[in-house]
Amino acid sequence: MKGISILEGKYAMSMDMYPLQDKSFNRIHPFYDNLKEGRFTTTKCKDCGTRSFPPRVLCPECLSEEMEWVDLPMEGTVLCVSEQLAGVPLGFTPPLIMAHVDLDGELSYLGRVQNCQAGELKAGDRVKVVAIPIESIPAEGKKGAIIEMERVFYVFEKI
Amino acid sequence: MGRNVCIIGGGMSLWGVRQATARDLYQEAGKACFDDVPGLSNKDVDGLLVGSAFTERSNFQTHLAPLVAEYLGIKPKNICCRVELLCASGSSGIILAYGLIKSGLADVILVTGGEKLYTPQRWEVFYSELGTGDHDFDGAQGLGLPPPFFSMVAQKHMKEYGTTEEQLSMVSVKNRRNGARNPKAQFQKEITLEDALNAPPIVRPLKLFDCCPVTDGAAAVIIASEERAREYTDKPLVYIKGTGQASVNNASANMPSMTTWEALKIASQEAYRKAGVKPSDIDVAQTHDCFTISEIIEYEDLGFCEKGEGGLFVEEGRSDFGGDVPVNTDGGLLSCGHPFGGTGIRQAIEILRQLRGDAFKQVEGARTGLTHNLSGLTAAHTVLIYGRDV
Ligand SMILES: [Zn+2]
């Protein structure tokens with residue numbers, strides 16, 4: 001049957017949850033390259049010194065395009081926790097634990113905490129940023145070639 | 001300063017889990033809207049704006065406005081496009097219609113908005129929600145569904161200001177009581193404080209009745225210049241007086257505060273300034289009660305009460321009929337449901353009726369009304385002020 005791509009064994013990249021990380025798709029690919037080496041990094045403007053997160057190719061403060069990569073702290077303190085036990089998005093298993101984490105005054109953001117059960121994490125606990133491998137997407141290239149893209153992402157883990 | 005601009009009519013489809021397609025819903029909303037202004041025909045409309053966020057995601061339909069125009073028998077000549085700001089898509093359409101008409105680029109614009117969100121597979125809408133924040137960074141960690149985020153907002157507000165779970169529940173009891181009178185609402189049944197407090201948890205401290213549902217629905221309004229409005233209706237005229245729409249961050253890493261919504265303060269101050277009114281002048285308001293905690297913070301950041309006193313504001317009945325400013329008099333998102341693009345239009349319809357004097361339950365003598373939407377994980381806020389006086 002034609003017109004239903006899933007029945008042809010194809011994968012719709014537009015439905016994928018993770019960004020295309022390879023340098024052929026993404027100008028901030030060093031973020032993912034660094035992550036593979038265990039570094040959590042972002043961009044800093046060489047002209048005005050503004051550090052941005054997420055990383056980017058343009059300084060939102062002075063509009064310079066001169067960026068350098070800098071390391072972020074890889075440990076932080078939990079400010080608040082949410083525990084979703086049901087109805088989590090496809091690709092995650094419940095409980096989905098999210099935490100608002102302060103990376104030692106450098107950056108705070110909401111992130112997922114892996115290997116953590118409901119009731120296990122509370123404000124004040126310490127967590128670390130860890131890199132995890134993401135299943136690669138079998139992308140269809142020219143002449144039927146299948147391109148496997150190695151991917152990685154970051155997540156918190158309780159210390 | 002341009003022309004005076006009025007909202008002259010509006011209507012909506014039944015909202016809920018509907019056995020209908022998106023285009024069915026736009027037709028129902030359009031019909032209800034035109035029925036509200038018998039003096040106006042679809043042939044009089046010279047512009048169309050359609051607010052919808054998940055149209056490509058849930059219905060696989062891009063280039064939505066020409067489709068809606070065709071189905072409603074509208075032949076736009078001044079504007080015909082879709083507007084997207086997730087939960088504020090509809091309000092964004094009204095702001096744009098206001099600007100176009102005020103400046104003379106159009107005379108009569110139909111602004112509609114809606115979503116068909118429900119597919120038999122509930123996970124689809126949850127999965128698509130991962131694209132509503134910063135997809136590549138926050139979404140890829142599983143952030144995007146509202147309940148975990150608003151659970152943290154509630155926890156922090158409770159810790160910082162002493163807001164209680166009972167006060168959260170009081171918002172849902174009030175709004176469900178108001179919604180029980182609304183024949184278009186997804187939920188038309190009152191609940192008790194006990195029901196709300198004993199409901200199953202969604203993401204603690206938020207329980208079932210603290211959260212708005214997944215909804216299919218559409219709504220539509222007619223915005224016109226004052227001159228043209230007088231041709232089409234004998235009902236009291238309701239003017240758009242002021243607008244504001246603000247964003248100060250998108251990614252969770254750049255949020256100034258989870259419990260004080262800076263963008264809401266900015267948007268509302270802009271709207272008050274343009275309208276020449278202050279918070280105490282607002283007689284009735286429809287605010288974005290996607291969660292009970294949202295409405296509590298909105299009382300504060302809209303200036304209806306002091307910071308941190310939002311819980312007391314609902315507890316003392318100051319946001320109910322007879323109080324300082326009745327809020328979500330048609331049931332709000334908690335009763336009506338929330339088809340993203342439809343919500344701002346639904347709010348405008350309720351304010352129109354309240355100011356015109358023909359609401360389901362009337363705020364006596366209301367002359368000035370306000371609508372508010374937050375969108376995304378509070379990444380943008382949109383405020384409009386309407387009035388019987390220019
Ligand atoms: Zn710079």
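In what follows, chains are A, B, ... by sequence order, proteins preceding strands, each numbered from 1.
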inquiry  = With a strict 4.5 Å heavy-atom criterion, list every residue of residues 331-340 of chain B that contacts chain A, or say none.
reply    = none

Between chain A and chain B, which donor-acceptor pairs sit under 3.5 Å apart?
residue, atom, partner, partner atom, Å
B:Arg57, NH1, A:Ser14, O, 3.2
B:Tyr127, OH, A:Met15, O, 2.4
B:Tyr127, OH, A:Met17, N, 3.2
B:His135, NE2, A:Asp16, O, 3.4
B:His135, NE2, A:Met17, O, 3.1
B:Gln141, OE1, A:Arg112, N, 3.2
B:Gln155, NE2, A:Val81, O, 2.7
B:Lys156, NZ, A:His100, ND1, 2.6
B:Ser252, OG, A:Leu110, N, 3.0
B:Asn254, ND2, A:Phe53, O, 2.9

key: Contact origin within A:Phe153 toward chain B - heavy atom pairs under 4.5 Å   = side chain

query = What part of B:Leu143 lies closer than 4.5 angstrom to a heavy atom of chain A: side chain, backbone, both or neither?
reply = both

key: Atom group of A:Leu96 that falls short of 4.5 Å from chain B, counting heavy atoms   = side chain

inquiry  = Less than 4.5 Å to any heavy atom of chain A: does that hold for the side chain of B:Pro147, its backbone, both, or neither?
reply    = neither

message = Out of B:Leu377, B:Val125, B:Leu145, return the one with the most heavy atom pairs under 4.5 angstrom to chain A.
response = B:Leu145

message = With a 4.5 angstrom heavy-atom cut-off, is it the side chain or the backbone of A:Leu110 that approaches chain B, or both, or neither?
response = both

note = Of B:Gly131, B:Pro201, B:Pro148, the largest count of non-hydrogen pairs under 4.5 angstrom with chain A goes to B:Pro148

inquiry  = Under 4.5 Å from any heavy atom of chain B, what part of A:Ile132 do you find: side chain, backbone, both or neither?
reply    = neither

ask   = Can you name the nearest heavy-atom pair linking B:Phe126 to A:Gly87, along with the distance?
value = CD1-O, 3.7 Å

ask   = Which pair of heavy atoms, one from A:Pro19 and one from B:Ala140, lies closest together, and at what distance?
value = CD-CB, 4.3 Å

